[in-house]
There are 2 protein chains.
Amino acid sequence: MTRVLVVDDEPSILRALRINLSAREYDVSTAADGTSGLAAVARDRPDVIILDLGLPDMDGTDVIHGVRGWTSIPIIVLSAWGQESQKVAALDAGADDYVTKPFGMDELLARLRAAVRRASPAPDEPVVTTADFTVDLAAKEVIRSDGSDVRLTPTEWQLLEILVRNSGRLVTQRQLLREVWGPAYETESNYLRVYLAQLRRKLEPEPSQPRYLLTESGMGYRFKP
Amino acid sequence: MTRVLVVDDEPSILRALRINLSAREYDVSTAADGTSGLAAVARDRPDVIILDLGLPDMDGTDVIHGVRGWTSIPIIVLSAWGQESQKVAALDAGADDYVTKPFGMDELLARLRAAVRRASPAPDEPVVTTADFTVDLAAKEVIRSDGSDVRLTPTEWQLLEILVRNSGRLVTQRQLLREVWGPAYETESNYLRVYLAQLRRKLEPEPSQPRYLLTESGMGYRFKP
DNA sequence: CCCGGGCGTTAAGGTTCCGTCAAGGCCCGG
DNA sequence: CCGGGCCTTGACGGAACCTTAACGCCCGGG
């Protein structure tokens, strides 16, 4: 289910979007100003953000920069008619699309679909196999080579998913922490040690001498298929 | 240089876009109908397409489908005001963005930049190969020609990365020390001797007679591919 | 011939980083 | 209200890494 975060200070718009999006099977959360909007992005990890530029507490482009600082979640900007320069500024700040109020709900929905479609990287290969287990990213499932399936907690899964998606590449601790726990946790390398140990215990044939989930001291971790 | 294909049947718009885009250092090609437009896409492989929906020979969504059938080049659609349903259809057919005529040139340029930015997520392809090993800067990985991979510490990586990025060029000791250890260490050439020795031991087939990591006495070091 | 600067090499200390374990808190379902 | 996953947090031994110093080599100049 696609998660949408709506950041707007007008209750009527918030309500209209919530009703329309929920009816289309979107998972909607809302925020009424820039500060709580940025917090909500870090906490909820929406798949797409609808952002009104006329917020009471922050400039719209600053909100965009705050989000773009650490993630590329698509942003659709909403704003009053006739603000040509604002429109350009928002797009250059990193917004993906721009809709002028008043807008037709059909158009917004279409742009939403377009943004989500672009963001989903590709119908790529969501299955990775090693000699000891198989990771199916689409089914969110890990099966050992003897047929038994592995139970992973949500956090363990997020971590494994990032490592597998970057198969072979080194992923820095900062990136892992940012993508799993949010930008505020970039220094809590403690978490990584705990969860990597758990993943190894569940996946590695010899957890004390990892073959797939490798540590690069001082840099990060690497999944080696 | 970014290549833009403009598909439109109105000579005035074609001319206006050609002038404005050329002035911004875009490489512009044009087509006046859907058929020649599709041919131009296949022939020129533009980085982005600007497509007018009101073409004489084909329906706009068909052109989009024709392009989307085999490539994901970003498409920005142009159309007359008030065609809400057409707009939705175009986006759902796979267009990336939609601009209503009459449009401001600034807005179109901003949307163009946004579309190009989204489409190029890979900034560079930093892989350098020699007869004895391959350096993959993105994956932070060095593989010897016999298949074994080399373990490098963070400092060793920083050093090697600078040298490889300046492949063939001489890099002064000051620059290396400044970029790896910080400006306060510009005279500690000791560090360089120690770490260059380690890199040679790990990379060179004959560490005592370096072939890739060369010393320029009194000046600095050079990576020779 | 001797001497000194620049470089390569090695090894010892000290520091940071990692794996591991376990206790405590939170949330949810029974 | 109680129990069980799950997530956070802290502590500790050991490994990896960085710094630093010492020594030998080569080469050009005095």
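Below, read A as the first sequence line, B as the second, and so on, with proteins coming before strands; counting in each chain starts at 1.
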Given side chain to side chain donor-acceptor pair (under 3.5 Å), test B/Ser148 with B/Arg144 step by step and report yes or no. CA-CA 5 Å; B/Ser148 63; B/Arg144 270 187 283 260; 3.1 Å; yes
Using side-chain heavy atoms (C-beta onward) and a distance below 4.5 Å, is A/Met58 in contact with A/Leu38? yes
Under 4.0 Å from OP1 or OP2 of D/dC17: is there any side-chain N or O of B/Thr155 that close? no
In whole angstrom, give the distance that lies between atom CZ of B/Arg174 and atom P of C/dG6. 14 Å
When you check the phosphate oxygens OP1 and OP2 of D/dC18, does a side-chain N or O of B/Thr153 lie under 4.0 Å from one of them? yes
Please determine whether side chain to side chain contact (heavy atoms under 4.5 Å, CB included) holds for the pair A/Gln173 and A/Thr187, giving the CA-CA distance in whole Å, both sets of side-chain angles, and the decisive distance to 0.1 Å. CA-CA 8 Å; A/Gln173 311 195 35; A/Thr187 58; over 6 Å; no
To the nearest angstrom, how far is B/Leu177 atom CG from C/dG6 atom P? 14 Å
Under-4.0 Å side-chain N/O to phosphate OP1/OP2 contact, A/Arg151 with D/dG5: no
Give a yes/no answer on whether the side chain of B/Gln173 brings an N or O atom under 4.0 Å of OP1 or OP2 in C/dC7. yes
Just by distance, do the side chain of A/Glu25 and the backbone of A/Met1 share a donor-acceptor pair under 3.5 Å? no
Say whether A/Asp59 and A/Thr61, considering side chains only, have a donor N or O and an acceptor N or O under 3.5 Å apart. yes
Donor-acceptor side-chain pairing of A/Ser29 and A/Arg43 below 3.5 angstrom: no
Those residues of residues 181-214 of chain B lying under 4.0 Å from DNA chain D by at least one heavy atom: B/Trp181, B/Tyr191, B/Val194, B/Tyr195
Please report, rounded to the nearest Å, how far the P atom of D/dC6 is from the CG atom of A/Leu159. 15 Å
Atom pair distance, as rounded to whole Å: CD in A/Glu216 and P in C/dG19: 11 Å
